[in-house]
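What follows is a single structure, written as structure tokens, with notes after it.
Quick caveat, the model's predicted, so the values are computed rather than measured.
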Amino acid sequence: MASDIKGFKYINSTIGYTQGDNILRMFADMMVQSSGPEVINARVNGDVFLTLGVYEDRADFQEKLLQSNENFARLQNQIYDGINIRVRSGVYFLDSDCREIDLAVDRANLARKSVDYILKSTVVLYKDAPFSIKLRENEMINRMEYALMHGEFQVYYQPKIYLEDGSVAGAEALVRWVREDGRVIPPDEFIPLFEKNGFITKIDIFVLRRVCRWLKEREERGEPLFKISVNLSGVDVRDEQIVSYIADQVEEFGISPEYLEFELTETAFLSDTEQIFSVLKRLQDMGFTTSIDDFGSGYSIMNMVAEIPTDIVKMDCAFVQNCGKSDRGREFLSQLVLMVRKMGFVALCEGIETEDHLNMVEKMGCELGQGYYFSRPVPQPEFEEWLKKQRFHPGGICGIV
């Protein structure tokens, strides 16, 4: 059996990694307590758990598993506001043709990934699984244009903080999908799909327009302006017209390029490097700031980072979360921050959730920070209220304005 918590990355971004870890511990405890002596439980990675055991009554096992998942989700949803915990379990009963444990795990995982909101059950058997993933994707594809036209996509903001004095240096704009019925579709579910079918460019331009409109409104009200970053996908930068699209939006709203930053994830640099470099360089030449997002998230671009036309390197949140646990880890992160700064880039650490995290990265010389210690991503009205209580750094993002 393979189990996970659906949209756990989104849950982490909503309540923070510390509380997310607590949920994982409680989930692991629940699994152990509900297992018999002949059952082995293991956490594979992230929020994915595997179970291997012997069950005589398959129907009874499936019913107990369903009850266990629902009880756990109900309890967590009572504890945490603003999230919708949903446990997914995929079950594969070993057949005589399955002689490799890897094959059994793959089949259980396929069933797990097939658990869909369309299905009434949170438990799917391997034999029932293959169709449901496609159904879920088709549901999102069929609704995406409607969702964009009817305001289901919303822009949330999370601040970037100048660590030296705690002032606001900027913010990141993030897209969220909140359906009319109130159901939230996690970004890690719809963004990969939209990157595959190309719809992500419409979403990114939509976010850019919302950001430009808000900056213009602030300017007209005489409120302080600051740099806001917008995410670009690898799909966007491979479009020959993307720079023109961006220029058109900025010109329409009369926004100075100094107030916009474009973030590109590290993984985007693994293909079409020449085109990506060209786009980033053109954006810089136009006065925009560029940044590498999720640096060190699993794909190494170390061999090309010195040549990338970028201003800011954002260290993936896993560095702060994991490296702070040991002297060796802290030394590694410290040297990474030092290297980034010596190369002339601005260093930003994501995933700052506690005062210990803040003190650690500040001592390392990191200029900027982002994370739940300062604020979670929130809708524009809530972010505006938060801003009223903050100080703005006069030099923008370390002088990059």
Side-chain angles (χ1 to χ4, degrees), residues 153-175 201 203-233 236-237 242-265 279-293 308-314 344-348 350 367-370 374-375 377-401:
F153 291 108
Q154 300 178 15
V155 178
Y156 281 44
Y157 295 89
Q158 186 176 36
K160 299 176 182 180
I161 302 298
Y162 191 63
L163 298 183
E164 186 176 52
D165 61 7
S167 59
V168 176
E172 179 179 2
L174 300 158
V175 67
T201 299
I203 295 296
D204 290 341
I205 294 297
F206 159 78
V207 172
L208 175 60
R209 288 185 60 83
R210 286 298 176 92
V211 167
C212 289
R213 180 181 290 119
W214 185 42
L215 284 171
K216 189 63 177 179
E217 290 171 354
R218 290 185 64 85
E219 183 181 50
E220 292 174 346
R221 294 195 298 261
E223 297 172 340
L225 298 187
F226 51 90
K227 193 183 299 292
I228 300 179
S229 63
V230 176
N231 289 282
L232 294 179
S233 76
D236 297 334
V237 294
I242 188 62
V243 175
S244 297
Y245 294 154
I246 291 172
D248 289 344
Q249 310 310 316
V250 173
E251 183 179 353
E252 178 182 342
F253 290 95
I255 300 300
S256 173
E258 64 183 349
Y259 295 114
L260 288 170
E261 172 188 340
F262 293 96
E263 298 188 13
L264 191 61
T265 59
V279 169
L280 293 181
K281 184 63 169 63
R282 290 166 65 191
L283 289 174
Q284 281 188 326
D285 291 343
M286 295 167 66
F288 299 109
T289 300
T290 61
S291 58
I292 304 172
D293 193 15
I308 295 176
T310 192
D311 304 294
I312 302 169
V313 175
K314 298 180 67 176
F345 302 123
V346 172
L348 183 153
E350 299 181 280
E367 294 113 313
L368 299 178
Q370 187 175 347
F374 309 111
S375 172
V378 294
Q380 179 184 316
E382 188 174 338
F383 189 60
E384 288 181 320
E385 289 301 312
W386 181 89
L387 285 173
K388 292 177 181 178
K389 306 171 186 176
Q390 309 304 315
R391 292 179 299 108
F392 293 86
H393 185 64
I397 295 187
C398 302
I400 303 174
V401 179

Exercise. Determine whether Arg218 and Leu387 make a side-chain contact, defined as any pair of heavy atoms from C-beta on separated by less than 4.5 Å.
Key: yes
- prompt: Between Val168 and Phe374, is any pair of side-chain heavy atoms under 4.5 Å apart?
  reply: no
*Should the pair Lys314-Glu350 be classified as a salt bridge under the 4.0 Å nitrogen-to-oxygen rule?*
yes
CD of Glu385 to CD of Gln380, rounded to nearest 0.5 Å, is 11.5 Å
- prompt: Between the main-chain N or O of Leu264 and the side-chain N or O of Ser291, is there a donor-acceptor pair closer than 3.5 Å?
  reply: no
**Prompt:** Is the backbone N or O of Phe392 less than 3.5 Å from a side-chain atom of Ser167, with the two atoms forming a donor-acceptor pair by type?
**Reply:** no
Pairwise side-chain contact, Leu260 with Leu208, heavy-atom cut-off 4.5 Å (strictly under): yes
Rounding to 0.5 Å, atoms CD (Glu367) and CD1 (Ile161) come to a distance of 14.5 Å
Report task. Say whether, by atom type as modelled, one donor and one acceptor occur between the side chain of Glu223 and the main chain of Glu219 under 3.5 angstrom. Result -> no
Nearest heavy-atom approach of Lys216 to Ile255 is N-CD1, 3.6 Å
Note: Pro159 and Gln370 closest approach over all heavy atoms is O-CG, 3.5 Å
| message | Is there a side-chain contact between Phe253 and Val250 in this structure, where contact means two heavy atoms from C-beta onward sitting under 4.5 Å apart? | response | no
(request) Begin with the C-alpha distance, continue with both residues' side-chain angles, and end with the deciding distance and a verdict on side-chain contact (heavy atoms from CB on, under 4.5 Å) for Ile312 and Glu263. (result) CA-CA 9 Å; Ile312 302 169; Glu263 298 188 13; over 6 Å; no
Closest non-hydrogen contact found for Gln158 with Pro377 is NE2-CD, 3.8 Å
Minimal heavy-atom distance between Val207 and Ala173, with the atoms involved, is CG1-CB, 3.9 Å
- Task: Could you walk me through whether Leu348 and Val313 pass the side-chain contact (heavy atoms from CB on, under 4.5 Å) test, one step at a time?
- Result: CA-CA 6 Å; Leu348 183 153; Val313 175; over 6 Å; no
Sequence neighbours excluded, the answer for side-chain contact (heavy atoms from CB on, under 4.5 Å) partners of Ser256 is Glu258, Tyr259
Residues passing the side-chain contact (heavy atoms from CB on, under 4.5 Å) test with Thr201, sequence neighbours excluded, are Ile205, Val235, Asp236
- Query: Do Phe153 and Ile203 come close enough that some side-chain heavy atom pair is under 4.5 Å?
  - Reply: yes
Interatomic distance, CG@Asp204 vs CZ@Arg209, rounded to 0.5 Å, equals 14.0 Å
NZ (Lys160) and CZ (Phe226) are apart, to the nearest 0.5 Å, by 11.0 Å
In terms of heavy-atom contacts, Phe288 and Asp311 come closest through O-OD2, 4.1 Å
| said: Tell me whether the count of non-hydrogen atoms from other residues, nucleotides or ligands lying under 6.0 Å of CD in Glu251 goes above 12. | reply: no
Notebook entry, point to check: Is the closest side-chain donor-acceptor distance between Glu172 and Ser229 under 3.5 Å?
Noted result: no
**Request:** Find out whether Leu368 and Leu163 are in side-chain contact, i.e. whether some heavy atom of one side chain is under 4.5 Å from a heavy atom of the other.
**Result:** no
- Message: side-chain contact (heavy atoms from CB on, under 4.5 Å), that's the test. Do Glu261 and Thr290 meet it? Break it down for me.
- Response: CA-CA 5 Å; Glu261 172 188 340; Thr290 61; over 6 Å; no
Shortest non-hydrogen pair, Leu232 vs Leu283, comes out as CD1-CD1, 4.2 Å
* With a 4.5 Å heavy-atom cut-off, do Val279 and Ile242 have their side chains touching? -> yes
* side-chain contact (heavy atoms from CB on, under 4.5 Å) between Met286 and Val243, worked out -> CA-CA 10 Å; Met286 295 167 66; Val243 175; 3.5 Å; yes
Between Leu174 and Val155, is there a side-chain heavy-atom distance shorter than 4.5 Å?
no
Assess the residue pair Trp214 and Tyr157 against the criterion (ring-ring contact (aromatic ring centres under 6.0 Å, His included)); give the C-alpha distance rounded to whole Å, side-chain angles, the decisive distance to 0.1 Å, and a yes or no.
CA-CA 11 Å; Trp214 185 42; Tyr157 295 89; 4.6 Å; yes
